[in-house]
Amino acid sequence: MIRINKNNINVNKFPDGTLLLKEWIPDEDEKRKEERKAVITWLFENNEELVTLIYLAGHLRAHGITNLSLDMPYIPNARQDRVKTREDVFTLKYFAEVINWLDFETVTVLDPHSSVSEALINKIQVRTPEAYIRKAVDRIGGTENLTLFYPDEGACKRYSGLFRLPFAFGIKNRDWETGDIRGLDISGMTDCIRGRKILMIDDISSRGGTFYYSARKLNELGVGEIYLYISHCENTILEGDALKSGLIRKIFTTNSIFTEKDERIEVFADE
């Protein structure tokens with residue numbers, strides 16, 4: 001979904017499948033009032049939206065919008081942040097080159113999956129998920145008897161400095177040939193687990209396998225209720241064991257990429 005100054009745009013197609021776009025442009029008085037500024041918000045749903053973004057940026061500049069910024073909470077292609085063989089296509093690098101070519105005044109993102117994307121995108125402004133996590137904490141009854149859990153050491157380094165709360169973190173046991181998770185060990189303040197509420201925190205999830213194994217291990221250690229906050233939650237979370245197992249009481253996420261509706265998932269609108 002793409003919006004301009006918080007207004008949805010009208011996206012249609014010609015019979016050949018190419019885009020038919022009609023976008024309102026302010027008149028001269030309105031442009032003076034707004035100082036010729038516009039913010040394009042991109043809540044990612046599919047790759048075709050990149051073409052829409054290119055066309056809209058050109059359209060707005062052609063009509064005198066000289067200060068154009070991009071609010072892109074989720075960075076597409078962020079998982080492909082490195083290449084190992086000549087056959088691997090470095091999609092994140094080439095995506096970033098397109099965004100840089102559009103020459104936005106700022107590119108605002110939320111909790112990026114990789115530091116590589118931060119390095120590749122010009123004029124990037126990074127928002128932490130702290131406000132959303134605090135909202136999730138409020139939803140589950142506050143900080144009393146609460147322990148935070150990070151599913152791996154990377155997440156622990158990323159988030160543990162945001163809060164002064166007891167925390168533990170996971171150490172994944174992987175099959176390095178397949179990449180599958182075989183199990184998970186827990187380290188950190190393990191004496192602050194039994195009988196306590198747990199809020200797991202991470203940046204991105206597909207089917208939630210890591211969180212399933214985390215919840216299963218935490219359950220073995222005698223925790224109370226288990227909750228999960230994810231900044232960027234793919235719709236495929238509905239297909240995975242993280243939800244199907246019933247171990248996680250509720251998931252909190254943002255609307256950066258999640259577009260489904262499920263009573264077990266609460267979506268915070270992008271701020």
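- Here salt bridge (charged side-chain N to carboxylate O under 4.0 Å, His left out) pairs that include residues 42-53, with residues two or more places apart or in two chains, are Lys13-Glu48.
- Grouping the Ile, Leu, Val, Met, Phe, Trp and Tyr side chains by contacts below 4.5 angstrom, directly or via other members, places Val11 apart from Leu20.
- Shown here are the side-chain contact (heavy atoms from CB on, under 4.5 Å) partners of Asn100, two or more places apart in sequence or in another chain: Ile121, Asn122.
- In summary, the aromatic rings of Tyr150 and Phe167 are positioned with their centroids under 6.0 Å apart.
- When every heavy atom of Ile237 is checked against every heavy atom of Ser205, the shortest pair comes out as CD1-OG, 3.3 Å.
- Contact check for Asp71 versus Ile40: no side-chain heavy atoms found under the 4.5 Å cut-off.
- Contacts classified as salt bridge (charged side-chain N to carboxylate O under 4.0 Å, His left out) and involving residues 84-100 (residues at least two apart or in different chains) are given here: Lys93-Glu97.
- One distance of note links CG of Asp203 with OG of Ser256; it measures 10.0 Å at 0.5 Å rounding.
- Scored by the side-chain contact (heavy atoms from CB on, under 4.5 Å) test, Thr143 finds Val137, Leu165 as partners (sequence neighbours excluded).
- A donor-acceptor pair is defined here as one N or O able to donate and one able to accept, closer than 3.5 Å; such a pair exists between the side chain of Ser245 and the backbone of Asp241.
- Using a 4.5 Å heavy-atom cutoff, the side chains of Leu148 and Phe163 are in contact.
- Contact annotation: the side chain of Ile140 approaches that of Leu199 to within less than 4.5 Å [non-hydrogen atoms, C-beta and beyond].
- By the ring pair (Phe, Tyr, Trp, His ring centres under 6.0 Å) test, Phe44 is found to be paired with Trp42, Tyr74, residues two or more places apart in sequence or in another chain being considered.
- Between Ile201 and Phe149 there is no side-chain heavy-atom pair separated by less than 4.5 Å.
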Taking only distance into account, with no hydrogens and no angle test, what donor-acceptor pairs under 3.5 Å do side-chain atoms of residues 217-228 form with protein atoms, sequence neighbours excluded?
from   : atom 1 : to     : atom 2 : distance (Å)
Glu225 : OE1    : Tyr227 : OH     : 2.5
Glu225 : OE2    : Arg249 : NH1    : 3.0

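- Remark: Asp202 engages no residue in a salt bridge (Lys or Arg N to Asp or Glu O under 4.0 Å) (not counting sequence neighbours).
- For the residue pair Pro73 and His232, the shortest heavy atom distance occurs at O-CE1, 3.2 Å.
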Candidate pair Leu92 and Ser117, rule side chain to side chain contact (heavy atoms under 4.5 Å, CB included), full reasoning: CA-CA 7 Å; Leu92 174 60; Ser117 57; 3.9 Å; yes
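- Within the structure, every pair that satisfies the salt bridge (charged side-chain N to carboxylate O under 4.0 Å, His left out) test and touches residues 99-111, not counting sequence neighbours, is listed here: Asp103-Lys123, Asp111-Arg158.
- No side-chain donor-acceptor contact under 3.5 Å links Thr147 to the backbone of Pro166.
- Between Met1 and Asn8 the shortest side-chain heavy-atom distance falls below 4.5 Å.
- Checked for salt-bridge contact, Arg134 and Glu130 meet the test: a charged N lies under 4.0 Å from a carboxylate O.
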Derivation and outcome, side chain to side chain contact (heavy atoms under 4.5 Å, CB included), residues Phe252 and Phe268: CA-CA 7 Å; Phe252 302 94; Phe268 301 139; 3.7 Å; yes
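- Counting heavy atoms from C-beta outward, Leu70 and Thr108 have side chains that stay 4.5 Å or more apart.
- Applying the salt bridge (charged side-chain N to carboxylate O under 4.0 Å, His left out) test to residues at least two apart or on different chains, the pairs with a partner in residues 137-150 are Arg139-Glu266.
- Annotation: side chain of Tyr55 is in contact with side chain of Leu19 (closest heavy-atom distance under 4.5 Å).
- If you check the side chains of Ser231 and Thr254, you find no donor sitting under 3.5 Å from an acceptor.
- Ile204 is listed as a side-chain neighbour of Arg79, based on a closest heavy-atom distance under 4.5 Å.
- By the criterion of side-chain heavy atoms lying less than 4.5 angstrom apart, applied directly or through intervening Ile, Leu, Val, Met, Phe, Trp or Tyr residues, Val39 is not grouped with Ile4; the two fall into different hydrophobic clusters.
- Rounding to the nearest 0.5 Å places CG of Asn77 at 12.0 Å from OG of Ser114.
- Put simply, the side chain of Thr253 gets close to the backbone of Ile230: a donor and an acceptor are under 3.5 Å apart.
- Among residues two or more places apart in sequence or in another chain, the salt bridge (Lys or Arg N to Asp or Glu O under 4.0 Å) test is passed with Arg3 by none.
- Residue pairs meeting the ring-ring contact (aromatic ring centres under 6.0 Å, His included) criterion with at least one partner in residues 100-129, sequence neighbours excluded, are absent.
- There is a side-chain donor-acceptor pair under 3.5 Å between Asn235 and Thr259.
- With hydrogens and angles ignored, the 3.5 Å screen pairs no side-chain donor or acceptor of Ser160 with any backbone N or O of Lys157.
- Tyr159 is linked by a ring pair (Phe, Tyr, Trp, His ring centres under 6.0 Å) to nothing, counting only residues two or more places apart in sequence or in another chain.
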